[in-house]
Amino acid sequence: MLDIEEPLVKNKKYPFFKTPRLGGSRRIRNRLVQKQGLCNISLKNVPKQRRKYFSDIFTTVIEMKWRWCLLYFSLSFMISWSFFATVYFLIAKQHGDIEQIANATWTPCIVNVHNELNAFLFSFTTQTTIGYGFRYPTDACPLTIVTMCFQFMWGVMTQTLMAGIIFSKLARPIKRAATLIFSKNAVICLRDGKLCLLFRVGDMRKSSLAEAHVRLQMIKRCVTYEGELLPFHQFDMDVGYDQGLDRVFVIWPITICHEIDERSPLWEIGADDLKSAKFEIIAILEGVVESVGSTTQARTSYLPSEILWGHRFEKLVHYKKENGQYNIDFGKFHNVYSVNTPTCSAAEIERLRSEGIFNESEYQMYPPSDNKLNLLDNDEMSPVRDSIDLNQIQILRRDSDEDPDAGEESMELVDLGIHHKCSIRSQSPIINSTSHLLQPMHKNSCSVRRGMLAPPASHS
């Protein structure tokens, strides 16, 4: 299929665009999914829509807004009380109770029901089972007793339905999605030599979602070679389905990674192409709410203007020695910082790499090998070799949230590279690289030592 910017059929309005124009002929593209997750769609000309909604009345009432739901319940009670009050008054009038008010020896159908208001009070107390004792039925009218039985059954069903709907509305997992947040922007940067699209998801509650997983799709307009216009074609964007990387543990904010490879719709898009591109990336987080056991879904979308090229998310999880806890600073949830990133597309990077003219070392954060030491199994220190196997390298680095004046005891053992670990999708192209390494470019990286390491347990 071919991507196009304008439809083949002119003068045809598509709901994907607003009617107003800016600058004469430029049209504003409206979101398909709003940032807060609401879908920007409306249904028209649905055959028998109301009949189908009433056939599933329980779901229809649950999806109503609270004000309409409470209004309908209030009306249902008022109509029920008024209807049975009318029946009781007609029974009493037919029996002659209204005319025999002054007759002390007369046995009425309902004691002390002389007008419409008295009948309404009797109907109200009967359905709510209050029973003040001033108005009560007698055995003079069996029809009154039968009517009371029907009213009692109707009242129980109405109250049960009301309780079930209110509980279902309160327990709906859609409200749980309000505490699941996405980053305002997505970023594109290098990870182990591959361009990746990154965005961040987090949960503001301490109770985590069970079986949480992420999906990513691109909505873009395209046309087939046969001329069929597809205004909302969906491209799947892999976030590690085959390796299970789409299943996340959202106890702290997680950065979701989409590796831009030849199967990605972003494969041939560079930094300049992103400025004029027209698409929408929809991110979906689904999981089971532990408290109610229902599935919830949170959504957001990213337009090309909300994707920052050459940026990376700031660290927001910090370990505090005072209380021994990991603190999450949600004030930094949306913060990003710029990093050195090639502006060409992932396809162009692979072409340059295959021709041997892509400078890997320009984007790597490794120190030079002339003043660093290699830690051997026998705890001896020796100069680092120029050519080493990056699969077996680990680095020692000071944690950025510790005291900046901390000494050697604050250093920790950190694996170098992620694509050669068990969570890989594909092997990093820099693993076999033996080029000279540069000084680290991030200010939090310091005192990095490289080399062949003994097992971590042998070093304190």
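In this text the structure is predicted, and so the values were computed from the model without any measurement.
- Residues passing the salt bridge (charged side-chain N to carboxylate O under 4.0 Å, His left out) test with Asp246: none are found, sequence neighbours excluded.
- Of all non-hydrogen atoms in Thr129 and Phe152, the two that sit nearest each other are CG2-CE1, 4.0 Å.
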Could you walk me through whether Leu195 and Leu190 satisfy the side-chain contact (heavy atoms from CB on, under 4.5 Å) test, starting with their C-alpha distance in whole Å, then the side-chain angles of each, then the deciding distance to 0.1 Å, before giving a yes or no?
CA-CA 5 Å; Leu195 278 180; Leu190 285 175; 3.8 Å; yes

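- Looking only at distances, no side-chain donor or acceptor of Glu280 sits under 3.5 Å from a matching main-chain atom of Arg31.
- Among all heavy-atom pairs drawn from Leu266 and Ile260, the shortest one is O-CG2, 3.4 Å.
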Let me check something: any side-chain donor-acceptor pairs from residues 153-164 under 3.5 Å, sequence neighbours excluded? List them with distances.
residue: Trp154; atom: NE1; partner: Ser80; partner atom: OG; Å: 3.2
residue: Thr158; atom: OG1; partner: Trp154; partner atom: O; Å: 2.8
residue: Thr160; atom: OG1; partner: Val156; partner atom: O; Å: 2.7

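- The shortest distance between side-chain heavy atoms of Ser345 and Ile269 does not fall below 4.5 Å.
- Judged purely by atom type and a 3.5 angstrom limit, Thr343 has no side-chain atom pairing as donor or acceptor with the backbone of Ala271.
- Contacts of Arg299 classified as salt bridge (charged side-chain N to carboxylate O under 4.0 Å, His left out), with partners at least two apart in sequence or in another chain: none.
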Does the side-chain contact (heavy atoms from CB on, under 4.5 Å) test come out yes or no for Arg200 and Leu316, once each step is laid out?
CA-CA 11 Å; Arg200 181 177 276 174; Leu316 48 75; 3.0 Å; yes

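- Looking only at distances, a side-chain donor or acceptor of Tyr302 sits under 3.5 Å from a matching main-chain atom of Ser183.
- When all heavy atoms of Trp309 and Leu274 are compared, the closest pair comes out as CE3-CD2, 4.1 Å.
- The aromatic rings of Phe249 and Trp252 sit perpendicular to each other, their planes meeting at more than 60°, with 30° as the lower class boundary.
- Here the closest heavy-atom approach between residue Leu245 and residue Val248 is recorded as O-CG1, 4.0 Å.
- At a threshold of 4.5 Å between non-hydrogen side-chain atoms, the residues Ile181 and Phe333 count as touching.
- Nearest heavy atoms, Lys169 versus Met64: NZ-O, 2.6 Å.
- With Ser264 contributing its side chain and Asp261 its backbone, the two residues share no donor-acceptor pair below 3.5 Å.
- Judged by distance alone, the side chain of His258 and the main-chain N or O of Ile256 form no donor-acceptor pair under 3.5 Å.
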Before giving the answer on side-chain contact (heavy atoms from CB on, under 4.5 Å), spell out for Asn185 and His334 the whole-Å C-alpha distance, their side-chain angles and the decisive distance to 0.1 Å.
CA-CA 7 Å; Asn185 299 97; His334 304 286; over 6 Å; no

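- Between Ile188 and Leu197 the shortest heavy-atom distance is CG1-CD1, 3.8 Å.
- For Glu211, the CD atom is loosely surrounded, since the number of other residues' heavy atoms within 6.0 Å does not exceed 12.
- Side-chain atoms of Arg191 do not come within 3.5 Å of backbone N or O of Cys257 as any donor-acceptor pair.
- In this structure a side-chain-to-backbone donor-acceptor pair under 3.5 Å is present from Lys35 to Lys184.
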Apply side-chain contact (heavy atoms from CB on, under 4.5 Å) to the pair Leu209 and Val250, showing each step before the final yes or no.
CA-CA 7 Å; Leu209 292 177; Val250 199; 5.6 Å; no

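- Using cut-offs of 30° and 60° for the angle between ring planes, the Trp81 and Phe124 rings count as perpendicular.
- Formation of a donor-acceptor pair under 3.5 Å by the Glu350 side chain with backbone atoms of Ala347 is not found in this model.
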